[in-house]
Amino acid sequence: MTIHRNFFPAAFAAAVFLAHSGMAIAPLAAQEQEPPRTLVQGRGVELTTARCVICHDAQHITRAKLSREEWAFNVKNMIERGAPITPEEIPQIVDYLATYYSRDSAPPAESAAAEAPVAAAAEDPAQRLLTANACIACHAVDRRLVGPGFREIAQRYRGDSAASELLARKIRDGGAGAWGQVPMPPHPQLTAADLGLMVSWIMKQ
Amino acid sequence: MGLRDILSALRRPVGVHPGEKKIMSDKLTEHRHSDSGITVTRRDFITRVAGTGAAVAAGTAGFAALAQAQGAPKPQAAAAPKPPADPAGTISNDAVKAEKVPEMQYHSERPLTGSVSAEHHNYAVTPTDRMFVRNNLLTPDLSEATHKLTIKGLVDRELVFSMAELKKAFPAVTLQGMVECAGSGRQNFVPAASGTRWLPTGGMGCPRWTGVRLRDVLNAAGIKPNAVHVAGQGGDFGVIATAAPVIRSIPLSKAMDSDTLIAWGMNDGPLPKVHGFPLRLVAPGWVGSASTKWLHTLTVLDAPFKGTYMDSSYRIPKHPVKPGERMPKDAVSTEAWPVKSMITHPAPNVAFKVGKPVLVEGRAWVGEGDIDRVEVSFNEGQTWQRAMINSGGDKYAWRIFSFEFVPKNPGYTTVLARATDSRGNVQPMQSTWNPLGYFWNAIHRVGFVVET
């Protein structure tokens, strides 16, 4: 029995949510807007990014709206699964998530978020990207963490005209082998402009 | 050469230890450095990561204490570096996506999750390039040549097979079977639970699997009388060394089911890397997490495995809770999928003509039992009509249903499909809310346009 049929142009496949009053069953097809690719600024954003955006993309958080209790459960669950979060850090991360990604209350106004102590560190756009994408969870400037230090990288590739492109590709696609076998995860969400900013900052270290 | 010869050649000189139970509880732990038959690749990976001081890397001075409190070995205990026997590596998301149809939608990059919507499932057997993707960790790049499967725990003899040995030792079986993520359809719940937001019909597929019966392998090892669960451990690993390995266990009854396989083939080809190459469990009809990918160790246990992927995830309340409430203490592990169906044709919002027949098609399935009937409604459930079903087929394969509908009136029209299983369970209007958003199986509905 041949099942596949191709009666209709693919354009029709575009799903549109059509609300029907009173029906409690599944929507026809929800077309979701893409959630933000970085966490919203606010108290605790750097710590939360550094601890969570190692194994997850930020959208795992930015598409969610949960109660404080559910966020606390998630953080506990992720610690069980190996998230490197200390007991002291738990309330800071849960507070951040429950404040900015709450089901029960709107996030604080922009002005309040801007007052958060992270603002100063995020002056340089390249550094902001390195923070927002959790690069700093595995890389420091002057020493080797999970991956090589930014200064080591800069030293190795200084004078190499192809280095910028190579490093940009490495950040985007991930890889392993250049500094050891620990794989670096891909970061396909980064644009060419972001990659350029990050690479030129790294090469200045 | 008979089976017995092969098995005796493979048999390791492992006796029955008087303290076998103790060995069980000590050895099958989730701990990152547990020497429980983990493949060389993974162990070397972990050792290397531990050597680089990943815990320090994350800037957590207190982490070592935390890890110790959880019983994880100290990083320095495993610091002795070994040359890699197999390059530790992963498959990039781009490489995975290159083998998938453009219609596949990705719900997250880390971990990678993707699925196609219902109208792109209109195949009798799910093609490999349409099979949903759901990783907990990275996609490991394992080698068939060096891969080993270990069977241990409450068995008369511990067995270790290479891929070639496994294929030779037991009869190969090919069957079609459902695999569906427990959280498939999660975003339909109100309030929404956290976790992968699958498309409304979710991440599922029904390909053909080729492998050996898990029960043949377990029988060859000899199951001890006090065995109740079988745990599968996968060779996938995370970005950081502390990531807990993915270990899930299934009851012995499911492990001994004739359709539960240790599979190396999918749709008559090898398993793609993202679907578990070179070896995976297929526990068809059950939540996808029961079908451990990148399988390297099976451990027979006298209780369900204790670990985060059993005790904190993949659980539902024994008795329903109010939406938004936390997981109660008496939660149970998710196992077989309840009865479910989806409409695969027509696609949403396609236009038809009055008087011209519309062939409504779909798939219906259930984790235990069979599909008894499928009904369709074109008036939002006021009246229902029986659809045709192609009954028969493999035990855990979905059933294809169809109904020829001749629109009499112009305008926006909906079709609903409702399946009933052989035990009398009917798909609900709304699935029972649960904190982690599992088992969404409510009636599927598709709208289309009828023109004059």
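In what follows, chains carry the letters A, B, and so on, assigned in the order in which the sequence lines appear, proteins first and then strands, with residues in each chain numbered from 1.
- Between chain A and the residues B:Ser313, B:Ser92, B:Gly324, the largest count of heavy-atom pairs under 4.5 Å involves B:Ser313.
- With a 4.5 Å cut-off on non-hydrogen atoms, A:His56 touches chain B through its backbone and its side chain both.
- Taking the centre of each ring, A:Trp201 and A:Phe150 come in below the 6.0 Å mark.
- A salt bridge is defined here as a Lys NZ or Arg NE, NH1 or NH2 lying under 4.0 Å from an Asp or Glu carboxylate O, and A:Glu46 with A:Arg51 fails to meet this definition.
- Only the side chain of B:Leu436 has a heavy atom closer than 4.5 Å to any heavy atom of chain A.
- Heavy atoms of B:Asp311 lying under 4.5 Å from chain A are absent altogether.
- The two atoms that bring B:Pro111 and B:Asn135 nearest to each other are CB-O, 3.1 Å, heavy atoms only.
- Among the candidates B:Ser108, B:Pro435, B:Gly195, B:Ser431, the residue making the largest number of heavy-atom pairs closer than 4.5 Å to chain A is B:Ser108.
- B:Thr126 meets the side-chain hydrogen bond (donor to acceptor under 3.5 Å, both in side chains) test with no other residue; sequence neighbours excluded.
- If you tally non-hydrogen atom pairs under 4.5 Å between each of B:Ala192, B:Gly185, B:Ala118, B:Ala95 and chain A, the highest count goes to B:Ala192.
- In this structure, the portion of A:Asn74 lying under 4.5 Å from any heavy atom of chain B is its side chain and not its backbone.
- For B:Ala193, the part sitting under 4.5 Å from any heavy atom of chain A is the backbone (N, CA, C, O) and nothing else.
- If you measure heavy-atom distances from A:Glu69 to chain B, the contacts under 4.5 Å come from the side chain alone.
- A salt bridge does not link A:Arg68 with A:Asp104: every distance from a Lys NZ or Arg NE/NH1/NH2 to an Asp or Glu carboxylate oxygen is 4.0 Å or more.
- A salt bridge between A:Arg103 and A:Glu70 is present, with a side-chain N of the basic residue lying under 4.0 Å from a carboxylate O of the acidic one.
- Within the 3.5 Å criterion, the main-chain N or O of A:Asp57 finds no donor-acceptor partner in the side chain of B:Glu109.
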